[in-house]
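This report refers to the structure that appears directly beneath it.
Labels below follow one simple rule: chain letters A, B, ... track the order of the sequence lines, proteins then strands, and each chain is numbered from 1. Side-chain atoms are counted along with the backbone in the values below, which use heavy atoms only and exclude waters and symmetry mates.
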2 protein chains.
Amino acid sequence: MDKPGTRDNGHMATPSISHRLAEAAVALFDENGYDETTVDDIAARAGVSRSTFFRYYRSKEDAIFPDHDTLLAQVDARLRASTADTAIVAVSDAVRIVLAHYVADAEVSLRRYRLVGRVPALRDRENASVARYQRLFREFIGKWLAGTPDADLRAELMAASVVAAHNQVLRGWLRAGGTYDPSGPLDQALGYVIATFRHLERPQDGRDDVVVATFSRSASPLAVMEAIQGHLRPRPTGETGEKP
Amino acid sequence: MDKPGTRDNGHMATPSISHRLAEAAVALFDENGYDETTVDDIAARAGVSRSTFFRYYRSKEDAIFPDHDTLLAQVDARLRASTADTAIVAVSDAVRIVLAHYVADAEVSLRRYRLVGRVPALRDRENASVARYQRLFREFIGKWLAGTPDADLRAELMAASVVAAHNQVLRGWLRAGGTYDPSGPLDQALGYVIATFRHLERPQDGRDDVVVATFSRSASPLAVMEAIQGHLRPRPTGETGEKP
DNA sequence: ACGCAAGCGAGACTGAGTATCGTCTCAGTG
DNA sequence: CACTGAGACGATACTCAGTCTCGCTTGCGT
């Protein structure tokens, strides 16, 4: 079931075959273009046979989107490992997992980004992946909201928004060449999404306000808490109007 | 540039070749499955040669998603034919155009829905189409919001939400066997979306302020959530109720 | 030393998609 | 009527992705 190359021995002196194949694929795609590169070419440059290529990757496109199933499984696991109380946290964490994965391999992510931008077939492939993530989120949120009014519609909207927020942050980061840490913007974007839907949750409650918080990673927890408390109105009378 | 079969002579006594091909394709897909049906089979049943099939459809999948480019062009046209004042109307109209197109051909839509549900390759294809619609909406909304704060992020979120709303309504209608008029539910769903984002449009006019904060990853999610919940409504009745 | 299983190469095969060429039909023209 | 040129179709060959089978080697345990 599991392809042998899925597990990577990145520390070996002799790079693993899957590594060599991926390297060869990306290099050839860069040099000659995607359509112009055949699987034979990739295998030849990696020094293996065509058969071996298909032992490690299900398809030619798979050579560019390896660890995708792994990532999807991680997201799924993170979502499952949560109760109703922590649903929002689970979703946020899951999204962070995905973004962190891109950031961890900025080099590869950037090359892939440029490549995907030029090849429609790969764009479609990526969209298909995004849809799978969205489906995961939709099902999770759907279960979470089960029983509430408009559960299906809201689950769909929230899932789409969460994924869209991630994509927006990711694209921005990629366009900038992966030169900064996108976790701040991601938290901000997720806060935006959460705030958006929280307005719908209790639209009539009136004056009870909502605090959605996002912190920079460098901030110490204590400073964070102080900041929050500073922005909260200790007296309902006082209009502190924050708007960070 | 334009494939001959794109324009349909649906009124002819002898059905057009593109019609015969599409009929043959769907019939064979239903009978023998998608992967098991070759283009030769389709062409043979339609009484034409394999060459002719590819003259009318770019690929095997195209035989199931014909008028897709047309629909995309209609959406694009509707969006372009609008000023900033009527942006919301334009978006709503564009979505309605898409849904109406499915409803107009309920028979075909239902068969395709069942087929797509069983064939992953077709699902991916459909997701790719959805992404193209979403891109259209995103670009339109992006221009519309240009200059406002967080324009890109909001455009992305709105586009995703609009498309998600459409898909949710469409899927519900398809699952029900296309037995009712979905324009009501669609309007409702779109209203939901519009209401959602309207809350964000003017965050400052109401006195209910929003504070966005970010958390360090090192902080345990549970602790963070508890902290936030502890800081929320220090005054009111108690009522911690999550689970909206 | 003897299996024995896993990893790999070789090669055949199916089928999608492309390109080229030949044929036929039909419209317009003299 | 004969000629001509364009468009639609069929036939064929070709490339390449993806699948499958078989046979070889290597290494590991007994």
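Between the side chains of B/D40 and B/T38, no donor-acceptor pair of N or O atoms lies under 3.5 Å. Counted by atom type alone, B/T196 and A/T196 present zero donor-acceptor pairs between their side chains at under 3.5 Å.
In this entry the distance linking CD1 of B/I42 with P of D/dG10 reads 15 Å, nearest Å. Taking atom CG of residue B/D62 and atom P of nucleotide C/dT18, one finds them 10 Å apart after rounding to whole Å.
By the 6.0 Å and 45° rule, B/K60 stacks over the aromatic ring of B/Y34.
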Mind listing the N/O atom pairs, protein and nucleotides 14-20 of chain D, below 3.5 Å?
residue : atom : partner : partner atom : Å
D/dA17  : OP1  : A/K60   : NZ           : 3.2
D/dA17  : OP2  : A/V39   : N            : 3.2
D/dG18  : OP2  : A/K60   : N            : 2.7
D/dG18  : N7   : A/R50   : NH1          : 3.4
D/dG18  : N7   : A/R50   : NH2          : 2.6
D/dG18  : O6   : A/R50   : NH2          : 2.6
D/dT19  : O4   : A/R50   : NH2          : 3.4

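One N or O donor and one acceptor, one from the side chain of A/R55 and one from the base of C/dG9, sit under 3.5 Å apart.
A ring-centre distance under 6.0 Å is found for B/Y57 and B/F53.
In this structure, A/D69 pairs ionically with A/R58, as a charged nitrogen and a carboxylate oxygen lie closer than 4.0 Å.
A donor-acceptor contact shorter than 3.5 Å links the side chain of A/R123 to the backbone of A/G117.
Between B/Y56 and D/dA8 there is no side-chain N or O to OP1 or OP2 distance below 4.0 Å.
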